[in-house]
J.: 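Pasting a structure here, questions to come.
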Amino acid sequence: MQIENAIPPLCTGGNRGLCHQGVGRTDHQLNVYDWLADVPDNNALTDVVEVQFKNTRKGFYHNVNHLPLTKGDIVAVEASPGHDIGVVSLTGRLAEMQLRKANLRPTDEVKRVYRLARQLDIDKYHEAKAREHETMIESREIAKQLGLKMKIGDVEYQGDGQKAIFYYIADERVDFRQLIKDLAATFHVRIEMKQIGARQEAGRIGGTGPCGRELCCATWMKNFSSVSTAAARFQDISPNPQKLAGMCAKLKCCLNYEVDDYMEAGRRLPSREVQLETQDNTYYYFKVDILAGLITYSTDRRMAANLETITGERAREVVEMNRRGEKPLSLQPDGQATEPQEPVDLLAGGDVARFDKAKKKKRKPAKHKGEQAKDEQAKGDTPAE
């Protein structure tokens with residue numbers, strides 16, 4: 001994150017009745033619109049402010065010096081040791097609500113805001129941030145030489161350059177005591193190791209998902225809930241691992257977004273194992289549109305034959321009739337009989353060997369008149385002089 005680009009462009013027109021003071025950057029994780037920004041004395045009710053650091057890291061601090069802070073201000077905050085540089089992302093009552101949501105105690109776990117960042121602070125910040133990529137590459141080499149089964153995904157220097165946080169991924173427990181000694185001797189800073197998961201790494205790196213938008217974990221998601229393949233089954237999604245996996249190689253978080261609606265809609269439909277009996281045929285489940293409440297039945301278990309699409313209510317009516325020993329004339333609500341159709345076979349209507357047929361021969365280019373005369377003379381069509 002570049003400090004000179006960290007100041008959010010605030011809306012000045014006040015269009016659509018929205019307070020321009022509540023609008024901030026859209027690429028901050030969990031960037032909350034400050035609906036209380038235009039309330040009188042909003043910032044005077046609490047001294048808690050939310051500060052954004054690199055990528056998805058945020059923190060809450062006490063404005064003990066009562067500085068006139070607004071969203072987008074660059075501040076120097078308390079760290080251990082020294083100080084850190086960040087951007088104010090939320091102030092007032094809404095910041096205090098976010099503090100409670102994070103289950104932090106304001107008296108013990110919240111540090112202080114020192115001052116607005118000076119030019120010297122910003123220069124040190126740029127100097128420290130310029131070393132992050134090189135430090136990450138070199139630290140990976142050191143971990144490889146020690147034979148540690150871990151991956152260092154990101155490195156974040158503190159604003160004053162006194163400490164570096166190494167974010168790593170590991171499937172097993174890693175003894176990195178020797179690694180910390182080697183890193184401290186190489187980079188001459190205080191080392192802090194923080195283990196993250198694959199989803200957290202994707203959020204820190206960022207990217208674009210298959211939907212065409214920025215990753216949810218890099219923009220607004222803060223808490224990750226477990227995702228299982230059952231969510232894909234409830235939504236009748238094809239169990240293709242390549243399509244179900246996200247940028248982190250884990251199941252997509254968005255599989256949980258609509259699963260509750262699909263489960264509620266699925267309860268109103270009969271079971272897929274239920275067979276519907278009519279006077280002419282026995283119908284088996286073929287496919288379903290869960291949200292629309294439409295079920296398609298086939299007279300053949302394994303292929304599409306005499307397909308009938310009915311609503312879930314009509315399917316339940318037929319099921320109740322079958323339980324009473326009654327069989328309707330057809331699945332349609334009007335009770336009219338349907339004409340039988342032949343089974344549909346996708347390969348029966350075409351010749352599979354048509355792809356192996358030779359291509360048409362290309363026409364040869366026309367010969368010159370002199371060459372044509374020589375060919376005719378060679379064949380004996382034209383008498384020699």
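Note that the coordinates shown come from a computational prediction; the quantities given were computed from them, not determined experimentally.
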J.: Does any N or O in the side chain of Gln235 come within less than 3.5 Å of the main-chain N or O of Leu255, such that one atom is a donor and the other an acceptor?
T.: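 Yes, because the side chain of Gln235 sits within donor-acceptor range (under 3.5 Å) of the backbone of Leu255.
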J.: Within the side chain of Lys124, is there an N or O that forms a donor-acceptor pair under 3.5 Å with the backbone of Gly159?
T.: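 No, Lys124 side chain to Gly159 backbone: no donor-acceptor pair under 3.5 Å.
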J.: What is the distance from atom CD1 of Ile74 to atom CG of Leu116, rounded to the nearest 0.5 Å?
T.: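 Nearest 0.5 Å value for the CD1-CG distance: 9.5 Å.
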J.: Can you tell me how far the CG atom of Leu94 sits from the OG1 atom of Thr46, to the nearest 0.5 Å?
T.: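 The OG1 atom of Thr46 is 11.0 Å from CG of Leu94, to the nearest 0.5 Å.
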J.: Under a 3.5 Å distance rule, please check whether Asn281 uses its side chain to pair with a backbone N or O of Tyr283 as donor and acceptor.
T.: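 The answer is no, because no donor-acceptor pair under 3.5 Å joins these two groups.
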J.: For Phe176, check ring pair (Phe, Tyr, Trp, His ring centres under 6.0 Å) against everything at least two apart and list the hits.
T.: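 Phe176: ring pair (Phe, Tyr, Trp, His ring centres under 6.0 Å) contacts with Tyr168.
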J.: Sub-3.5 Å donor-acceptor pair from the side chain of Glu141 to the main-chain atoms of Ile137, do we have one?
T.: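 No; judged by distance alone, with no hydrogens or angles, the pair does not exist.
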J.: Which pairs of donor and acceptor atoms, one on a side chain in residues 190-201, lie under 3.5 Å apart (sequence neighbours left out)?
T.:
residue : atom : partner : partner atom : Å
Glu192  : OE1  : Lys163  : NZ           : 3.1
Gln195  : NE2  : Ala170  : O            : 3.2
Arg199  : NH2  : Leu251  : O            : 2.8
Gln200  : OE1  : Gly197  : N            : 3.2
Glu201  : OE2  : Lys151  : NZ           : 3.0

J.: For Phe187, does the six-membered ring have the charged nitrogen or CZ of Arg131 within the cation-pi criterion, i.e. under 6.0 angstrom from the centroid and within 45° of the normal?
T.: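 Verdict for Phe187: no cation-pi partner in Arg131.
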J.: Pair Arg57, Asp84 - check salt bridge (Lys or Arg N to Asp or Glu O under 4.0 Å), show working.
T.: CA-CA 12 Å; Arg57 186 168 71 93; Asp84 205 351; 3.0 Å; yes
J.: Does the Arg314 side chain pair with the main chain of Leu331, one donor and one acceptor, at a distance under 3.5 Å?
T.: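 Present.
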J.: Kindly assign one of parallel, tilted or perpendicular to the pair Tyr61 and Phe53, based on the angle between their ring planes and the thresholds 30° and 60°.
T.: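 The arrangement is perpendicular - the two ring planes meet at more than 60°.
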J.: Is it true that Arg177 and Asp175 make a salt bridge, defined as a side-chain N closer than 4.0 Å to a carboxylate O?
T.: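 Yes.
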J.: Would you confirm whether Asp47, through its side chain, and Val64, through its main-chain N or O, come within 3.5 Å as a donor-acceptor pair?
T.: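 No.
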J.: Answer yes or no: is there a donor N or O on one side and an acceptor on the other, between the side chain of Asn322 and the main chain of Glu277, under 3.5 Å?
T.: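 At least one qualifying donor-acceptor pair exists.
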